[in-house]
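The structure under discussion appears below in the form of structure tokens.
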Amino acid sequence: MIICRTKDYQDLSRKAANIIRAQVILKPDCVLGLATGSSPVGTYQNLVKWYQKGDLDFSNVSSINLDEYRGLRPDNDQSYRYFMDTNLFNHINIDKSKTFVPNGLEEDSQKACDDYDQIIETMGGVDLQLLGLGHNGHIGFNEPSEAFPSGTHCVDLAPSTIEANKRFFASEADVPRQAYTMGIRSIMLAKKIVMVVSGEDKAEILKNVVNGPITPQVPASVLQLHRDVVIVADEAALSKF
Ligand code: GLP
């Protein structure tokens, strides 16, 4: 596990974007595993900027997102499909038909999850997986639990996740209670993993992720077992090391 220490969020965003840029240059038809949340927004802004300058070409890139709220329409401004379109896909030359997000509108959760696992398999796996880190150690929406979930599954969001994400919704009551998320096994099968972590409020959990025991109670701790992980974190997030 490599820890890439950055000065602040801006520096973090540039460095994380540089790692993704290298991936796209080295393998133009790569499969990117993408994440939502506030942490990767700056990373996406840098990728858009470099694309606009002509430094990057996404025409052969495909993407698979980690998760989606169950029940939200793709055009709902809080859906992760909408997030990806507005923060990245609408501004680069990626072929949108090759960008995948779980289908939040599929009411049959078994079908939604099986379909998504099928897509991941058809794509041949993820070359580079970008991750954020939840305050309770979740990655994607893999919440603390008794065991590491394997494939795509439907989760009941933890009360702390609903609390953390309510800032994006009109009220807490509007936050969906469930989501479809890629499982830990699918995440761990990515060839390379880049996790972006910013802010002092993540310092305690980041210390547990890196130095604590590997346990499904801290889902991201499983990353200690992956052979190619880079954690790009700012000084505030690393303040407890
Ligand atoms: C959400 C997402 C995660 C994300 C996490 C942290 O719950 N499902 O993929 O990593 O929140 O978000 P933020 O970066 O806004 O702290």
Side-chain angles (χ1 to χ4, degrees), residues 6 8-10 12-13 15-17 20 32-46 63-72 76-84 86-88 100-102 104 112-113 116 126 128-145 149 152-169 172 174-184 186-188 190 193-206 208-210 218-223 229-234 236-238:
T6 68
D8 51 23
Y9 181 70
Q10 213 190 352
L12 169 157
S13 300
K15 290 197 164 75
I20 298 172
L32 296 178
L34 297 176
T36 52
S38 43
S39 306
V41 169
T43 304
Y44 294 148
Q45 284 168 352
N46 280 293
S63 72
I64 303 179
N65 258 79
L66 285 167
D67 45 15
E68 179 60 284
Y69 288 114
R70 185 172 184 211
L72 292 197
N76 181 307
D77 64 4
Q78 293 310 325
S79 77
Y80 285 166
R81 161 54 73 182
Y82 186 92
F83 175 101
M84 289 311 302
T86 51
N87 283 286
L88 185 65
F100 298 95
V101 178
C113 297
Y116 208 58
V126 170
L128 183 154
Q129 177 67 56
L130 180 63
L131 295 176
L133 176 64
H135 288 95
N136 59 5
H138 75 220
I139 44 180
F141 268 133
N142 288 278
E143 300 282 32
S145 64
T152 305
H153 56 289
C154 182
V155 279
D156 293 328
L157 299 182
S160 64
T161 300
I162 294 169
E163 174 65 24
N165 289 0
K166 74 173 187 205
R167 66 191 196 276
F168 299 114
F169 292 83
E172 187 186 311
D174 291 324
V175 185
R177 272 23 190 185
Q178 290 188 314
Y180 297 133
T181 183
M182 252 164 82
I184 294 289
S186 314
I187 293 172
M188 289 294 281
I193 295 179
V194 179
M195 186 162 78
V196 283
V197 191
S198 170
E200 210 180 330
D201 53 319
K202 299 270 177 79
E204 185 68 31
I205 190 67
L206 182 58
N208 293 339
V209 165
V210 175
V218 181
S221 64
V222 76
L223 298 176
V229 179
V230 186
I231 297 180
V232 188
D234 57 19
L238 290 167

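Whatever order the structure lists them in is the order used to number ligands and atoms, beginning at 1. In what follows, residues are counted from 1 in the order of the sequence shown.
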Report task. Could you walk me through whether N46 and S13 pass the side chain to side chain donor-acceptor pair (under 3.5 Å) test, one step at a time? Result -> CA-CA 7 Å; N46 280 293; S13 300; 4.9 Å; no

Query raised in the report: How far apart are the C-alpha atoms of H135 and S160, what are their side-chain angles, what is the distance that settles it, and do they pass the side chain to side chain contact (heavy atoms under 4.5 Å, CB included) test?
Result: CA-CA 8 Å; H135 288 95; S160 64; over 6 Å; no

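- Q78 is linked by a side chain to side chain contact (heavy atoms under 4.5 Å, CB included) to L72, N76, F168, F169, counting only residues two or more places apart in sequence or in another chain.
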Report task. Take M182 and Q129, measure what side chain to side chain contact (heavy atoms under 4.5 Å, CB included) needs, and give me the verdict at the end. Result -> CA-CA 11 Å; M182 252 164 82; Q129 177 67 56; 3.7 Å; yes

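- Heavy-atom contacts of G132 reach the following atoms of ligand 1: 10 (O) (cutoff under 4.0 Å).
- By the 3.5 Å distance cut-off applied to N or O atoms, F168 is not counted among the residues near ligand 1.
- Among residues two or more places apart in sequence or in another chain, the side chain to side chain contact (heavy atoms under 4.5 Å, CB included) test is passed with S38 by R167.
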**Report entry** Derivation and outcome, side chain to side chain donor-acceptor pair (under 3.5 Å), residues D67 and Y116
**Finding:** CA-CA 10 Å; D67 45 15; Y116 208 58; over 6 Å; no

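- Short contacts between ligand 1 and N165, defined as distances under 4.0 Å to a heavy atom of the residue, involve ligand atoms 1 (C), 7 (O).
- Listed by number with element, the atoms of ligand 1 under 4.0 angstrom from any heavy atom of D67 are 8 (N), 9 (O).
- Residue contact annotation: A35 has no non-hydrogen atom under 4.0 Å from ligand 1.
- Of the N or O atoms in S39, one or more lie within a sub-3.5 Å distance of an N or O in ligand 1.
- Within ligand 1, counting atoms from 1 as listed, the ones closer than 4.0 Å to a heavy atom of R167 are 15 (O).
- In H138, the part holding a heavy atom less than 4.0 Å from any atom of ligand 1 is the side chain.
- For E200, the CD atom is loosely surrounded, since the number of other residues' heavy atoms within 6.0 Å does not exceed 12.
- Listed by number with element, the atoms of ligand 1 under 4.0 angstrom from any heavy atom of Y80 are 1 (C), 2 (C), 8 (N).
- In this structure, K202 is part of the shell of residues with a heavy atom less than 4.0 angstrom from ligand 1.
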